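Taking it in order: structure first as C-alpha cells, then the write-up.
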Number of protein chains: 2
Amino acid sequence: MVPADWTEEKSEIASARTGDAMQAMAAFIAASDLRPGDRLPPERRLVDELSVGRSTIREVIRHWQALGVVESRQGSGTYLLRRITPETMHVPLAIEARRSGLLQMLEVRRGLEVEASALAASRCQAGALRIIEDRLDAMEAVHLEKGCAGPEDLAFHLSIYEACGNPLFGQLLSQMRESVSALFALSDLRVDFAARSFPFHRTLFNAIAIGNAEAARVETLKILAIVEEDIKDMLR
Amino acid sequence: MVPADWTEEKSEIASARTGDAMQAMAAFIAASDLRPGDRLPPERRLVDELSVGRSTIREVIRHWQALGVVESRQGSGTYLLRRITPETMHVPLAIEARRSGLLQMLEVRRGLEVEASALAASRCQAGALRIIEDRLDAMEAVHLEKGCAGPEDLAFHLSIYEACGNPLFGQLLSQMRESVSALFALSDLRVDFAARSFPFHRTLFNAIAIGNAEAARVETLKILAIVEEDIKDMLR
DNA sequence: ACCATGAATTGGTCAGACCAATTCGAGTGG
DNA sequence: CCACTCGAATTGGTCTGACCAATTCATGGT
C-alpha cells in the first residue's frame with residue numbers, strides 16, 4: 001500500500017538526501033489512510049514516530065506546503081489538501097503576478113479557457129451538463145437580483161472546467177484566479193467582470209449543451225474579450 | 001519589483017516571519033542581482049542579514065526548492081535555478097504520471113500553444129521573425145541530415161513563445177516540456193514527436209510571417225494533432 | 001607546476017526552549 | 001439544561017546552539 005518510490009520523481013528538484021525523511025513521512029501518512037481535509041499527526045508525534053528531528057519534519061511539511069499538498073494552521077494543525085498518490089507528479093510553475101501582468105495572465109487564461117470550453121462541449125456528460133446549467137441558473141438569478149454575481153460566476157466556470165474531463169484545467173485556472181484576486185485584494189480595486197459578459201454565459205452553455213466545440217470556443221472568446229476591455233478600462 | 005529600501009524595512013521591523021521572511025529573502029536576492037546558476041548567500045549569512053533564525057531561512061529555501069526555484073548542494077551552496085522576484089506567483093500543478101497524464105498535458109499544451117502562435121502571428125516583429133526562421137532552417141537542416149531534430153524543434157517552438165510577447169507562455173510551456181521529458185526519463189520511452197509533424201512547422205512559420213493568426217492557430221493544431229496520434233500510438 | 005592533505009566553508013540534522021494562535025473542557029451563570 | 005467564559009492543553013512558528021557530512025579551497029610538499 002505504501003509506495004516505496006513515490007518521492008523519487010521529485011528527487012530531480014529536491015535533494016535526494018531528504019528523500020528518506022519525506023519517504024518515511026509519506027509512508028506514515030499513507031498508512032494513516034488520510035483523506036483530503038483530514039488533519040495530519042502533530043509534528044511532535046511525527047518526531048517520535050519517525051525518530052527524526054522536528055526541523056526535518058517541518059522542512060518536509062514546508063515542501064508539501066509549497067506544492068499545495070498540505071496546509072498548516074497555527075494552533076490547529078496541518079491538513080491534507082490533496083491525496084498523496086504514487087502516480088502524482090508535482091510540477092511547480094513560477095509566474096509573474098505583477099499588476100501590469102493582468103493582461104498577460106488574461107492571454108494565458110484565454111488559451112486555457114477556450115480549450116476547456118471546447119473540450120467540455122465535445123465530451124460533456126449529462127450529469128456534468130446538469131451541474132453547469134444549475135450553476136448558470138443560480139448565477140442568472142443572483143445577477144438579476146443583486147446586479148452582480150461574482151462567486152456564482154466563478155462556480156459556473158469551475159463547473160465547465162470540471163466538465164472538460166481534464167483536472168489540469170481546473171487546477172491551472174483556479175490558481176490563476178486566486179492569484180488575480182490576491183492582486184485585487186492588495187490594490188483595493190473592484191470590478192465585476194461578470195457584469196457585461198453576463199448574457200454570453202447562457203450562449204456558452206447552449207454551445208456546450210449541443211456539443212458544438214467551435215461555438216463554445218467563440219462564446220468563450222466573447223466573454224474574455226469583454227474581460228479584456230474591462231481590464232484595459234480599469235488600468236487607464 | 002525590487003524595493004530599493006529593503007534594508008530599512010529589515011532594520012526597523014524585527015518581526016520578519018516566514019511569510020515576510022520569504023518576501024525579505026526574495027527582495028534580498030533580487031537586490032543581489034543574481035542570475036540563474038549563481039550561488040545564493042550562505043544560510044548563516046542570511047541569518048545575519050535578515051535577522052531571522054536559520055530554521056526559518058531553511059524553510060523558505062525548502063519552499064523554493066520544492067518549487068524548483070533553487071537547488072541546494074551540501075558543502076557547496078544553494079544555487080538559483082530561476083529568477084525570483086517578490087511578486088512571483090508560484091503555481092504547483094499535480095499531474096497524473098500515468099499514461100493518461102500525457103494526454104491531459106497535451107490538451108493543456110494545445111490551449112496554450114495555439115494561443116501563443118496566434119499572438120505571435122498578430123504581433124510578431126521583424127527581429128523575432130528572423131530568429132524563428134533561423135531556428136526553422138536549422139531544424140529542417142538537422143532533420144534532413146539525421147532524420148530527427150529534437151533540440152532544434154524545441155528551439156523553434158521556444159522562439160515562437162518568445163515572439164508572442166508574453167513571457168508566461170514560455171514559462172508555462174517550457175515547464176510542461178521539462179516535466180514531460182522527466183516522465184520519459186522515468187519510463188524509458190523514446191519517440192521523436194517532431195518527425196511526422198515536420199512539414200507543418202514551415203507552414204506555421206509562414207502563417208506567423210504574414211500575420212495570419214487564424215492560420216497560425218490551424219497549423220499549430222495540425223502539429224499537435226500529430227503529437228496526439230503519436231502519444232496514443234505509443235501508449236497502445 | 002602539480003597534487004595531496006587538512007582546515008574552512010556550507011548545507012543537513014538534531015535538541016531544547018519559548019512564542020502565538022487555536023482548541024477544548026471545566027466551571028460559572030443564566 | 002443550556003450557553004458562555006476563561007484558562008489550560010494542544011499545535012504550529014521561531015530562535016538558538018551544537019554537531020555531522022559533503023564540498024571547497026588554501027597550504028605545503030614533491
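Numbered from 1 within each chain, the chains take letters A, B, ... in sequence-line order. Keep in mind that this is a model prediction, so the values were computed, not measured.
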Integer-rounded Å distance: dA18(D) P and Arg58(B) CZ: 18 Å

Of all pairs that satisfy salt bridge (Lys or Arg N to Asp or Glu O under 4.0 Å), the ones with a partner from residues 161-172 of chain B, not counting sequence neighbours: none

Under 3.5 Å: donor-acceptor pair, side chain of Arg109(A), backbone of Leu173(A): no

Could you write out each protein N or O paired with an N or O of nucleotides 19-21 of chain D at a distance under 3.5 Å?
{"unit_1": "dA21(D)", "atom_1": "N3", "unit_2": "Gln74(B)", "atom_2": "OE1", "d": "3.0"}

Polar contact flag, side-chain donor to acceptor under 3.5 angstrom, Thr78(A)-Glu43(A): no

Side-chain N,O (Ser55(B)) to OP1/OP2 (dC15(D)) below 4.0 Å: no

Any pair counted as salt bridge (Lys or Arg N to Asp or Glu O under 4.0 Å), so long as it reaches residues 22-38 of chain B, sequence neighbours left out: none

Considering all heavy atoms, the nearest Leu40(B)-Leu34(B) contact: CA-CD1, 4.1 Å

Distance below 4.0 Å between Arg39(B) side-chain N/O and dT10(C) OP1 or OP2: yes

Quick one: which protein N/O atoms are closer than 3.5 Å to N/O atoms of nucleotides 4-9 of chain D? Pair and distance per line, please.
none

dT10(C) OP1/OP2 closer than 4.0 Å to side-chain N/O of Arg73(B): no

Set of residues satisfying ring-ring contact (aromatic ring centres under 6.0 Å, His included) with respect to Phe156(A), sequence neighbours excluded: His201(A)

Between P of dT10(D) and CZ of Arg45(A), the distance in whole Å: 11 Å

Estimated bend of the helix from dA1(C)-dT30(D) to dG30(C)-dC1(D) (axis per five terminal pairs, rounded to 10 degrees): 10°

Gln65(A) CD to dG13(D) C1', straight-line distance once rounded to whole Å: 11 Å

Any Thr56(A) side-chain nitrogen or oxygen under 4.0 Å from OP1 or OP2 of dG12(C): no

Distance-minimising heavy-atom pair for Cys164(A) and Arg123(A): O-NH1, 3.0 Å

dT23(C) phosphate, OP1 or OP2, under 4.0 Å from Ser76(A) side-chain N/O: yes

